[in-house]
Protein chains: 2
Amino acid sequence: MPTVSTEDYLKQIRKLQEGAARVSTSALAASLGIADASVTAMLKKLAGQGLVSYQPYQGVTLTEKGEAFALRTLRRHRLWELFLVRHLGFSWDRIHEEAERLEHATSEALEAALDRALGFPRLDPHGDPIPSHDGRIEECTGAALTALPTGALARVRRVADGDPELLRHAGRLGVVPEASLEVRERFGFDGSLRVRVGGRDRFLSAEVARHVFVDLLEARDG
Amino acid sequence: MPTVSTEDYLKQIRKLQEGAARVSTSALAASLGIADASVTAMLKKLAGQGLVSYQPYQGVTLTEKGEAFALRTLRRHRLWELFLVRHLGFSWDRIHEEAERLEHATSEALEAALDRALGFPRLDPHGDPIPSHDGRIEECTGAALTALPTGALARVRRVADGDPELLRHAGRLGVVPEASLEVRERFGFDGSLRVRVGGRDRFLSAEVARHVFVDLLEARDG
DNA sequence: GCATCGTTTTAGCCTTGGCTAAAAATATCT
DNA sequence: AGATATTTTTAGCCAAGGCTAAAACGATGC
């Protein structure tokens with residue numbers, strides 16, 4: 001069985017691997033908040049267990065086995081996030097750190113029980129896809145809100161997980177998955193937006209908009 | 001914050017302390033499945049943190065601080081056990097090992113959310129009392145089923161947590177907390193019983209009966 | 001009161017997963 | 001290409017929690 005550290009490394013490597021083919025030691029170290037040298041040592045161990053393929057000075061990639069473990073952890077994480085919101089009354093900005101601990105304390109049986117209790121969900125509260133039990137995961141579709149033209153109608157699909165402050169803020173504005181919105185005005189100088197959402201006009205900074213992904217419903221030029 | 005090991009040690013010391021004033025190194029080691037020498041080393045550490053009072057060769061006792069941590073862990077354990085049964089469809093013989101992991105991954109906020117979702121319960125699925133948030137715990141009352149005279153009517157209060165096989169067996173027979181039963185016949189040679197429970201006559205070995213505690217409703221001699 | 005026996009501690013070692021500082025490899029700039 | 005800058009690895013260290021084998025302690029029997 002993988003240790004907590006192992007699960008964290010694999011999950012993080014997978015995350016960084018999206019986009020880049022190989023993950024550098026320093027990028028991984030920075031994102032885990034661990035010294036570069038410690039990461040080098042750990043990568044050798046993971047390589048020895050066949051979880052990553054590691055070439056000194058060339059970064060790492062997950063092996064199939066490593067990817068399976070990474071997805072298993074991610075699945076447990078996202079099931080817990082949804083469970084905390086639906087069944088335990090947590091707000092979506094506080095679930096990440098809870099899930100971060102619970103994911104490592106979850107047996108196969110518990111994972112299955114969560115899945116069942118939630119009705120075999122496909123998305124977590126941030127709109128991120130929950131990997132299936134057999135390690136399949138949907139692509140994150142959706143356009144960045146920043147890319148929408150004025151007048152566009154769209155449905156929020158995903159608010160990128162990350163800063164709790166940002167999530168709390170977006171939540172208060174009604175910018176949550178499934179919400180419909182319309183781009184009312186774009187401010188070129190700083191990339192911020194005015195949008196119509198939940199019957200109200202709201203201002204979104206570029207910082208916020210960058211984390212919001214939407215499905216375009218109608219692109220009506222204004 | 002205490003580590004997983006620390007929580008396990010404190011919980012176990014508290015358990016062994018019921019009855020005996022001081023807990024010996026070897027008793028603790030045996031019940032934790034850890035070598036005596038390792039336990040000695042750990043006790044010194046715990047003493048250094050003010051969690052136990054430890055006199056070489058004289059065993060340990062929990063300090064008030066240590067007791068508080070032990071009860072906190074026990075509270076989380078029992079809240080999880082009940083939650084797993086009530087909200088996740090687990091049967092009571094499989095919850096111990098799950099709770100054993102989850103208790104260490106539970107924040108203050110999660111503990112409170114579980115408590116609320118369960119309606120501030122006082123007993124876990126085995127009938128054991130759940131410590132309150134401020135560290136109070138009810139005495140385990142109830143007479144051993146083995147001590148009941150023939151003809152006695154009683155209500156099951158508690159089935160001692162332990163062997164999953166025993167729990168599964170008791171559960172199948174309907175010997176669960178809140179169940180009413182009547183002692184029909186006692187077999188002196190091996191201490192086993194015939195009882196009426198759930199409209200049926202059941203045979204309970206002494207081994208099972210020893211783990212069942214009841215409130216006496218009526219002692220009618222037969 | 002001394003020898004013996006069981007319990008407990010000490011001594012020395014291991015693995016995991018961290019750290020810093022220094023050395024080596026790769027990348028970049030002119 | 002050569003010097004310099006950046007990245008990565010190596011070397012050596014630490015704390016937590018385990019282990020075994022040997023020594024010390026405390027209790028018991030005679």
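Just so it is clear, the structure is predicted and the values come from calculations on it, not from any experiment. Only heavy atoms go into these numbers, but all of them, side chains included; no hydrogens, no water, no symmetry mates.
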Write out a two-atom table: protein N or O, nucleotide N or O from nucleotides 6-14 of chain D, distance below 3.5 Å.
residue	atom	partner	partner atom	Å
dT8(D)	OP2	S26(A)	N	3.0
dT8(D)	OP2	S26(A)	OG	2.4
dT8(D)	O3'	Y57(A)	N	3.4
dT9(D)	OP1	Y54(A)	OH	2.2
dT9(D)	OP1	Y57(A)	N	2.9
dT9(D)	OP2	T25(A)	OG1	2.9
dT9(D)	OP2	T40(A)	OG1	2.7
dT9(D)	OP2	Y54(A)	OH	3.4
dT9(D)	O5'	Y54(A)	OH	3.4
dT9(D)	O4'	Y57(A)	OH	3.4
dT10(D)	OP2	K44(A)	NZ	2.7

Between protein and nucleotides 14-17 of chain C, what N or O pairs are separated by less than 3.5 Å?
residue	atom	partner	partner atom	Å
dG17(C)	OP1	T3(A)	OG1	2.7

Check your understanding: Do NZ/NE/NH1/NH2 and the carboxylate oxygens of E81(A) and R78(A) come within less than 4.0 Å?
Key -> no
Practice item. Check the distance between dT8(C)'s C1' and R22(B)'s CZ and give it to me in whole angstrom. Key: 14 Å
Practice item. Mind calculating the distance between CG (L51(B)) and P (dA16(D)) to the nearest angstrom? Key: 13 Å
Exercise for review: Assess R158(B) against F213(B): is NZ or CZ under 6.0 Å from the centre of the six-membered ring, and within 45 degrees of the ring's axis?
Suggested key: yes
Practice item. Round to a whole Å and report the spacing from CE of M1(B) to C1' of dA16(D). Key: 18 Å
Practice item. Rounded to the nearest 0.5 Å, what's the gap from CD on E111(A) to CZ on R76(A)? Could you check? Key: 4.5 Å
Review point. Do H169(B) and E207(B) have a side chain donor and acceptor closer than 3.5 Å?
Key: no
Exercise for review: Sequence neighbours left out, what pairs pass side chain to side chain donor-acceptor pair (under 3.5 Å) with at least one residue falling in residues 41-65 of chain B?
Suggested key: none
Practice item. Applying ring pair (Phe, Tyr, Trp, His ring centres under 6.0 Å), name anything that partners H96(A), two or more places apart in sequence or on another chain. Key: H77(A)
Revision key, fill the gap. Hits for side chain to side chain donor-acceptor pair (under 3.5 Å) against S38(A), two or more places apart or cross-chain, chain-then-number order -> none
Review point. Mind checking what makes side chain to side chain donor-acceptor pair (under 3.5 Å) contact with D163(A), not counting sequence neighbours?
Key: none
